[in-house]
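Reading through the structure tokens given below for one structure.
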Number of protein chains: 2
Amino acid sequence: MRGYNYRTDDQDDAFDRLPAWESLVVEGVGEVIEFWGFKRNMGRVWGLLYLRDQPMSAAELQEALDLSKGAVSMITRDLEQWSVVERVRPAGQSIWHFVAKVDFVEMISRVLKEREQNLVERVKLGLADAERLAREAKADKAVIERIARMRRLADFMDQALSVFLRTARLDVSKTREVLK
Amino acid sequence: MRGYNYRTDDQDDAFDRLPAWESLVVEGVGEVIEFWGFKRNMGRVWGLLYLRDQPMSAAELQEALDLSKGAVSMITRDLEQWSVVERVRPAGQSIWHFVAKVDFVEMISRVLKEREQNLVERVKLGLADAERLAREAKADKAVIERIARMRRLADFMDQALSVFLRTARLDVSKTREVLK
DNA sequence: CAAGGTGTTCAAGACACCTTGAACTTCTCT
DNA sequence: AGAGAAGTTCAAGGTGTCTTGAACACCTTG
């Protein structure tokens, strides 16, 4: 998988700033998140916030995860938009802090579904057009049939993913709050 | 999603070389394949071979899909390795031709499963280490519990994907050969 | 086995995506 | 309202991945 990791000023990386177990968790979540098509650092930030279970400021995140100021700003904004992180202001503090929310599987589901639906929709329309055009052009009957079969395959893809997402959510909620 | 598309010598692209319906199918398959993490051109090649349902030479593929010679060689090799394309030599021909095989969903399943299993395995090991280290370091009990919960989440991910893949294969085989 | 075409490899290049860091904006407190 | 800190934006640069194209290796046929 692809992985970006700038800011490796020699051995001055995250492994030196965090207890070993925190590094392991943070990097693990980062990889999983990346697998699902998000930015690795979104996972790292969420992971640390979840593990610590206490509000952290942008500066603290920047230090702990060895990110730039800008990166922290953008990543927290993303996480907030996906509502897996919340921005809070502890009593008597003027600085925003972040806390992890736990509807994490929700986020993956939502995005995956959305991305996949856009795609399948588009492809299905394309295949419908293709079928029509092939008919108009009096293409071979077998060709038209194969296009029709592909449309069916697209439907299956859709269904299978729905089942997957339903299962994922179910599994997670079944055990009464895996996280938190 | 990412998409590469070199070799766009002005309007000299694939849309001019193929009947419109073929372009639609080819590009559609390309997009779907890309969604699943493969190279777009793998999908385009397989799509055309499937649609045409007749052996095509490397030169024909190159011309039809506007690829370079090297690209055709590498892509067909990939597809062959995933056994979704077969290399044949029509009677009395010295040139290799390619034909589409139909275990396409199989390919996606196999690869997805493999990729995901590698990842989950690695992450689970990491989380196990993390838990051990946290214990040894006498970290807060709640922290340890949260790490344990994450391990459970990883298991769920595993299961959910298994269900997805099983469903996909089932759906496809249930209807007796969607493709072909 | 020699010539010419067919097929493969791989370094260089192209592209999309991510991150940086400094300029800029907004906020907070006095 | 002003100073300084907190937070955001975005052009420039970095990184990984895919493609190109030419050099090379391999066939095949006469």
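Note on naming: letters A, B, ... go to the chains in the order of the sequence lines (proteins, then strands), and numbering restarts at 1 for each one. All values below were derived from every heavy atom in this structure, side-chain atoms included, with hydrogens, water molecules and symmetry-related copies excluded.
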Rounded to the Å, how far apart are A:Asp66 CG and C:dT20 P?
8 Å
I want to confirm an ordering. Mapping B:His97 and A:Lys39 to their closest nucleotides on DNA chain C, which one lands closer to the 5' end?
B:His97
Among the candidates C:dT20, C:dT28, C:dC15, find the nucleotide nearest to the side-chain atoms of A:Ser94.
C:dT28
Heavy atoms only, 4.0 Å cut-off, all strands: where does A:Arg77 land among base, sugar-phosphate and nothing?
sugar-phosphate
Among D:dG7, D:dC18, C:dT20, which is the nearest nucleotide to the side chain of A:Arg87?
D:dG7
What's the closest nucleotide to the side chain of B:Ile95 if the choices are C:dT28, C:dG7, D:dT28?
C:dG7
A:Gln93 has an atom CD; how far is it from atom P of D:dA6, in whole Å?
10 Å
B:Leu61 has an atom CG; how far is it from atom P of C:dT8, in whole Å?
12 Å
To the nearest Å, how far apart are B:Glu60 CD and C:dG5 C1'?
15 Å
Checking N1-N3 plus N6-O4 or O6-N4 for Watson-Crick, or N1-O2 and O6-N3 for wobble, each under 3.5 Å, the partner of C:dG5 is D:dC26
Should A:Val111 and A:Met74 be counted in the same cluster of Ile, Leu, Val, Met, Phe, Trp and Tyr side chains packed under 4.5 Å apart?
no
More 5' along DNA chain D: B:Ile75 or B:Lys69, using each one's nearest nucleotide?
B:Ile75
Would you mind pulling out the nucleotide paired to C:dC29, Watson-Crick or G-U wobble, both distances under 3.5 Å?
D:dG2
Donor/acceptor link under 3.5 angstrom from B:Tyr6 side chain onto base of D:dC18:
yes
B:Ala134 to B:Ile144 - nearest heavy-atom pair and separation:
CB-CG1, 4.0 Å
Measure from the side-chain heavy atoms of B:Trp96 and tell me the nearest of D:dT20, C:dG7, D:dT8.
C:dG7
To the nearest angstrom, the CE-P distance between A:Met74 and D:dC10 comes to 11 Å
Just compare C:dT8, D:dC10, C:dT28 and give me whichever is closest to any side-chain atom of B:Ser73.
C:dT8
A:Glu34 CD to D:dT17 C1', in whole Å, measures 13 Å
Nearest-angstrom distance from the residue atom CZ of A:Arg40 to P of D:dG14:
20 Å
In whole angstrom, give the distance that lies between atom CD1 of A:Ile33 and atom P of C:dC17.
18 Å
Heavy-atom closest pair (A:Glu116 atom, A:Asp158 atom, distance to 0.1 Å) is OE1-OD1, 3.1 Å
Taking only side-chain nitrogens and oxygens of A:Asn41, does any of them come within less than 4.0 Å of OP1 or OP2 of C:dT19?
yes
Do the rings of A:Trp46 and A:Tyr50 sit parallel, tilted or perpendicular, given the 30° and 60° boundaries?
parallel
If you look at every heavy atom in B:Val85 and B:Ala100, which pair is closest and at what distance?
CG2-CA, 4.3 Å
